[in-house]
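Here the structure comes first, spelled out in structure tokens, and everything after it is commentary.
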Amino acid sequence: MKNMPRSTKPAIVIGAGAAGIIAAWKAASDGAQVILLEKTKRIGTKILISGGGKCNITHDGPLEEVLRAFRPHEARFIRPACYRFRPQEIVEMLTSRGLDVYTRPDGRIFPVHQTAKDVVAILRDYLRDVNVDVRFETPVLNLETDNGLITKVVTANEDFEPGAVVLSVGGSSYPNSGTTGDGWPWAESLGHTVVPILAALAPITLRDARPELAGVALRDCILRGRQSKEFVRWRGDLLFTHRGVSGPTCLGISREVSEVMVSGVANLEVDVVPDRSFELLTEEFLKWSKANPKKRVETWVESYVPKSYANELMRSTEISSDQVATNFAIKLRNRLMNALKGLDLGPVQEVVLDKGEVVAGGISLDEVDPKTMQSHRCSNLFLCGEVLDIAGPVGGYNLQAAFATGFVAGEMAANLVLDQ
Ligand SMILES: Cc1cc2nc3c(=O)[nH]c(=O)nc-3n(C[C@H](O)[C@H](O)[C@H](O)COP(=O)(O)OP(=O)(O)OC[C@H]3O[C@@H](n4cnc5c(N)ncnc54)[C@H](O)[C@@H]3O)c2cc1C
């Protein structure tokens, strides 16, 4: 009898992203009649572009370690959901239908041969198997309430009377993918607080961009954010773009940079030799210069960094490219070592919200029950995924948070409609 709908009023799931798909599937699996309303022509648009089209599905390892990647209040909030629907469970759902996955040494789980498309195709099959009624190109426009309950879900095509509503419309980055922050004004009108939306996991543009470096990748460096003193750092690869920087280190610090920029300017600084101290570098240079007195200093710099970055280092430290090792003044040498340990990239122009993998901010976690995802403001509303104030780092964490909170929201929405 599990799949027989018993309630006349459906559970309406708004948004067919990672959270909404799992919520709809779970609610329908538990016997609720489920209508999944999606603005665009397809499900899982962000899953399709995730991990560069490969989809970093989730993150492996002890669950407490996975949770530690999130800020403490976010980890506290998603903990019950992640124990209810662990990373292994989404993996099992996908592998049991033919997806091969592998775990990178850093814990990220990806499909082996297949791509994000195959992940979405499997999830589509799950929805079909439990008869979720998916309505494409059906943007929800408004939620009507009466006596603290949502009584009508208004769409561009028709209106629905819900027994329960799962709000899973995501955030507002990549607005072309359908996510335009629609959920936040509705939540506010229901009495929820929306924590200010900021860019996260996003590229950064610089006031003094260095287009000549566009395309240059620095391996294993440290990117630091400074505002009078250092406030954030991330170690990994850095990519220069036409207007600034991107790549893992940039995404890693982008949320903190956005936050600091609310109250002032932030500068970026890059250390391209993180395992060498100023003193060790100097020692290495002196040894090299003894063996190569006639060689250009820039040649030595090129043994640490790509040629174009070496060139930029010489230019920005105002050391001539023709400078040879033998008569390199101590003052200039110190300047060069300092630049290798921390080249000032200048002030940040913008952390580009539209191009972020997620946004920080969203519906306040204090107003949602972490065990049920039920709103404290509206008892037939369940919230999940990025519409909430959750933003994990790169590594499969955000999809995991969306899947897990979606699972619980769907389960509880089904409980509610089946009890009515
Ligand atoms: C480029 C990129 C790469 C990423 N890579 C990864 C990765 O590899 N691993 C990882 O863990 N995370 C990744 N993320 C983050 C991850 O995709 C998101 O955290 C996750 O998709 C959020 O899920 P969600 O269901 O909350 O929202 P979304 O997946 O954004 O889904 C929301 C859905 O709601 C629909 N919608 C919006 N408004 C309405 C409306 N008014 N009516 C009806 N429907 C509506 C949207 O069309 C969309 O389908 C990436 C994100 C981006 C942008």
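We're numbering straight along the sequence, starting at 1. Just follow the structure's listing: the first ligand is 1, and inside any ligand the first atom is 1.
- A salt bridge (Lys or Arg N to Asp or Glu O under 4.0 Å) check over residues 348-372, counting only residues at least two apart or in different chains, returns the pairs Glu367-Arg377.
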Atom pairs and distances, side-chain donor-acceptor, residues 401-414, under 3.5 Å, sequence neighbours left out:
residue: Thr405; atom: OG1; partner: Gly385; partner atom: N; Å: 3.0
residue: Thr405; atom: OG1; partner: Ala401; partner atom: O; Å: 2.7
residue: Thr405; atom: OG1; partner: Ala402; partner atom: O; Å: 3.4
residue: Glu411; atom: OE1; partner: Arg84; partner atom: NE; Å: 3.0
residue: Glu411; atom: OE1; partner: Arg84; partner atom: NH2; Å: 3.3
residue: Glu411; atom: OE2; partner: Arg84; partner atom: NH2; Å: 2.3

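- A side-chain contact (heavy atoms from CB on, under 4.5 Å) with Gln400 is found for exactly one of Ile109, Asn56, Ile90, Leu63, namely Ile90.
- Salt-bridge formation is detected for the pair Glu312/Arg210: a Lys NZ or Arg NE/NH1/NH2 atom is positioned less than 4.0 Å from an Asp or Glu carboxylate oxygen.
- Closest heavy-atom contact between Gly171 and Val359: CA-CG2, 4.0 Å.
- The immediate protein surroundings of ligand 1, defined as residues with any heavy atom under 4.0 Å of it, consist of Ile14, Gly15, Ala16, Gly17, Ala18, Ala19, Leu37, Glu38, Lys39, Thr40, Lys46, Ile49, Ser50, Gly51, Asn56, Thr138, Pro139, Val140, Ser168, Val169, Gly170, Tyr174, Ser177, Gly178, Thr179, Asp182, Trp186, Gly356, Glu357, Val358, Gly385, Glu386, Gly396, Tyr397, Asn398, Leu399, Ala402.
- Partners of Ser172 under the side chain to side chain donor-acceptor pair (under 3.5 Å) rule, at least two apart in sequence or in another chain, do not exist in this structure.
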